Amino acid sequence: MQAIAEDRIRLTGEKKFCDEITALSGQPVISCYQCGECTAGCPVAFTADIMPNQVTRMVQVGLEEPVLRSRMIWLCVGCETCTTRCPRGIELAKVMDALRETAVARKIKPSEPSISTFHKTFLDSVERMGRVHEITMLAEYKLRSGKLFSDLLLGARMFLKGKLALIPEFLKGRSDIKKIFNKTFGK
Amino acid sequence: MRYAYYPGCSLHSTARDYNLSTLAVCKQLGIELVEIPDWNCCGATSAHALNRDLSIALPLRNLAIAETMGLDVIAPCAACFNRMKSSNVAVNENPELLARMSDLIGMPYSGKIKVLPLLAVINEIGTETIREHVKRPLENLKVAPYYGCLLVRPPETTEFDDPEDPQSLDNLITALGAEVVNWPYKTECCGAGLSISKTEVVLKLTHDILSMAKRAGANCLATACPLCQSNLDLRQSDVEKAYGEKYGLPAFYFTQLMGIAFGLPGASLGLDKLMVSPEQVLTTGVRG
Ligand code: SF4
Ligand code: SF4
């Protein structure tokens, strides 16, 4: 099965993308045999443009653009259901991570901008303070995403319940964190 | 029993009640928790979404500090636990990665510290001991045990309980004197990290979970994750509005249920912080 799939891909000369994602994710994407188990259990499949099993197939045959531009790779919440159930031992959540990382590295405009902006804002908050401070993070997210009025009630509810820390906690080891970011994300 | 304690960002803010109740019940059970000094955010659930190295390095710094304390780590938050454990597994599988990451965090780390979810440690203590601590059995409470995804998945990483039909929380709830509701959504995903950025997806997933719990006959839920708890509790009124269904299901942290059964005062467990009031189920449900 695997040999046939590999041959076919070699014939069409589109193995490079598959190799790249395999290396980055550490997952044998080529051994996916399209059973659909990943898609059956995926919590966000109902709202996605392409299904998780289509993602692996498209990687196999080198359809890079449509995968990297898909909404699916951003909607994936990393719940690890697919990873747990794949009969071929492919940790698909890691493949999704690798695809997102590749899309960002290639500066491809994310088709779910609100999600990518959220991740970015979250990480910026960690980079600055070493921990996440919800109020400043959410305020910044609102500005960046333009969703100024969403979740105001939720915020008010959390505030009334004393669930929001007013004063951010700054780490002593902030410079360590900054260094980690510079050498990984900031590269 | 002494452990390094990793509360994580949530337990210092939105999930203070989880922090309070964890500290309170651990004290009762003689589990000593020493907070990891100067711990940093583990990066869940955004770091792995964008950068693999970052997602390994951030938790590893905390593990390296724990190693200087000579203690294994307890992480009550399921997302933090999952990220710390995956990071630990990744460096243990690959010595070259471990060397590169130690260099990155500027601290030596052997890879030998264990990372445990709080529920695993309580499981270890055993239901017999738990029963001995119960002063007010949670009679008439019908609890839907909700494990969520990250506590038990993927099993090769978490090395904890069963990924499809876990039992640890079920056994604990039974030991506390409550009834466990048999339902199929124990490990269904609530959409966690999309709560702010893609709210409508989370409302749908949370609706599925709440309405299934209700149909199965539950009068409350037990959770082990601040992300799940906030989706189920804080967002419950939003879900009710969106789907025109009334659930009225308090979503407790399992540590709060333990504290109530142990007879600890509600304020010490952060019960006042629950959005869906637990008053009714508790007054009709708990004896003593
Ligand atoms: S579960 Fe595994 S083998 Fe089946 S379609 Fe998904 S990735 Fe392919
Ligand atoms: S990890 Fe992502 S792709 Fe896999 S089941 Fe969960 S949301 Fe779907």
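Residue numbers begin at 1 in each chain, while the letters A, B, ... track the order of the sequences. The structure displayed is predicted, hence computed values, not measured ones.
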Taking every heavy-atom pair that is under 4.5 Å apart, which of B:A192, B:C149, B:A15 has the most such pairs with chain A? B:C149
Highest number of heavy-atom pairs under 4.5 Å with chain A among B:P163, B:A49, B:P154 belongs to B:A49
Find the one option among A:L171, A:V77, A:L75 whose heavy-atom pairs under 4.5 Å with chain B are most numerous. A:L171
Side chain, backbone, both or neither: which part of A:E134 has an atom under 4.5 Å from a heavy atom of chain B? side chain
For chain B, which candidate among A:K172, A:K120, A:E91 shows the most heavy-atom pairs at distances under 4.5 Å? A:K172
Cut-off 4.5 Å, heavy atoms of chain A, and the answer for B:L150 is side chain
Atom pair CG (A:D176) and CD1 (B:I65), whose distance is rounded to the nearest 0.5 Å: 8.0 Å
Could you tell me which of B:R16, B:E200, B:H48 has the largest number of non-hydrogen atom pairs under 4.5 Å with chain A? B:H48
Checking heavy atoms, do the side chain of A:V104, its backbone, both or neither come under 4.5 Å from chain B? side chain
Does any backbone or side-chain atom of B:T199 lie under 4.5 Å from a heavy atom of chain A? Answer side chain, backbone, both or neither. side chain
Just so I know, are the side chains of A:W74 and B:L194 near enough to count as touching, which here means a heavy-atom distance under 4.5 Å? no
Cut-off 4.5 Å, heavy atoms of chain A, and the answer for B:E164 is side chain
OG on B:S10 to CZ on A:R131, rounded to 0.5 Å: 12.5 Å
Rounded distance [0.5 Å steps], CD in A:E80 versus CD in B:E156: 10.0 Å
Quick one: does A:R100's side chain have a donor or acceptor within less than 3.5 Å of a partner on B:L50's backbone? no
Select one option (side chain, backbone, both, neither) describing which atoms of A:I177 are under 4.5 Å from chain B's heavy atoms. side chain
NZ/NE/NH1/NH2 to OD/OE distance under 4.0 Å, A:D97 and B:R52: no
Which atoms of B:S237 come close to chain A, meaning under 4.5 Å heavy atom to heavy atom: side chain ones, backbone ones, both, or neither? side chain
Is it the case that over 12 heavy atoms from other parts of the model lie below 6.0 angstrom from the CD atom of B:E35? yes
Taken to the nearest 0.5 Å, the spacing of B:S197 OG from A:H119 NE2 works out to 6.5 Å
Begin from the C-alpha positions of A:L123 and B:L54 and carry the test side chain to side chain contact (heavy atoms under 4.5 Å, CB included) through to its verdict. CA-CA 10 Å; A:L123 292 179; B:L54 181 66; 4.1 Å; yes
Could you walk me through whether A:V44 and B:V201 pass side chain to side chain contact (heavy atoms under 4.5 Å, CB included), step by step? CA-CA 8 Å; A:V44 299; B:V201 173; 4.2 Å; yes
Looking only at A:C79, A:G130, A:P43, the option with the highest number of non-hydrogen pairs under 4.5 Å against chain B is A:C79
What is the minimum heavy-atom distance between B:D38 and A:G173, and which atoms define it? OD2-N, 2.7 Å
Among A:E169, A:M158, A:R174, A:K179, single out the residue with the greatest number of heavy-atom pairs under 4.5 Å to chain B. A:E169
Would you mind checking which part of B:A44 comes under 4.5 Å of any heavy atom in chain A, side chain (CB onward), backbone (N, CA, C, O), both or neither? backbone
Is there a donor-acceptor pair closer than 3.5 Å between any side-chain N or O of A:T184 and the backbone N or O of B:D53? no
Do A:F46 and B:K204 have side chains that approach each other closer than 4.5 Å (heavy atoms only, starting at C-beta)? yes
Just checking, is any N or O donor in the side chain of B:R153 or A:T81 under 3.5 Å from an acceptor N or O on the other one? yes
B:D17 versus chain A, heavy atoms under 4.5 Å apart: side chain, backbone, both or neither? side chain
Looking at B:S195, B:G8, B:S46, B:C41, which makes the most heavy-atom pairs under 4.5 Å with chain A? B:S46
Could you tell me the separation between the OG1 atom of A:T121 and the CD1 atom of B:I196, rounded to the nearest 0.5 Å? 11.0 Å
Between A:R157 and B:D238 (salt bridge meaning N to carboxylate O under 4.0 Å), is one present in this structure? yes
Using a cut-off of under 4.5 Å for heavy-atom pairs, which of B:T187, B:N40, B:T14, B:L274 has the most such pairs with chain A? B:T14
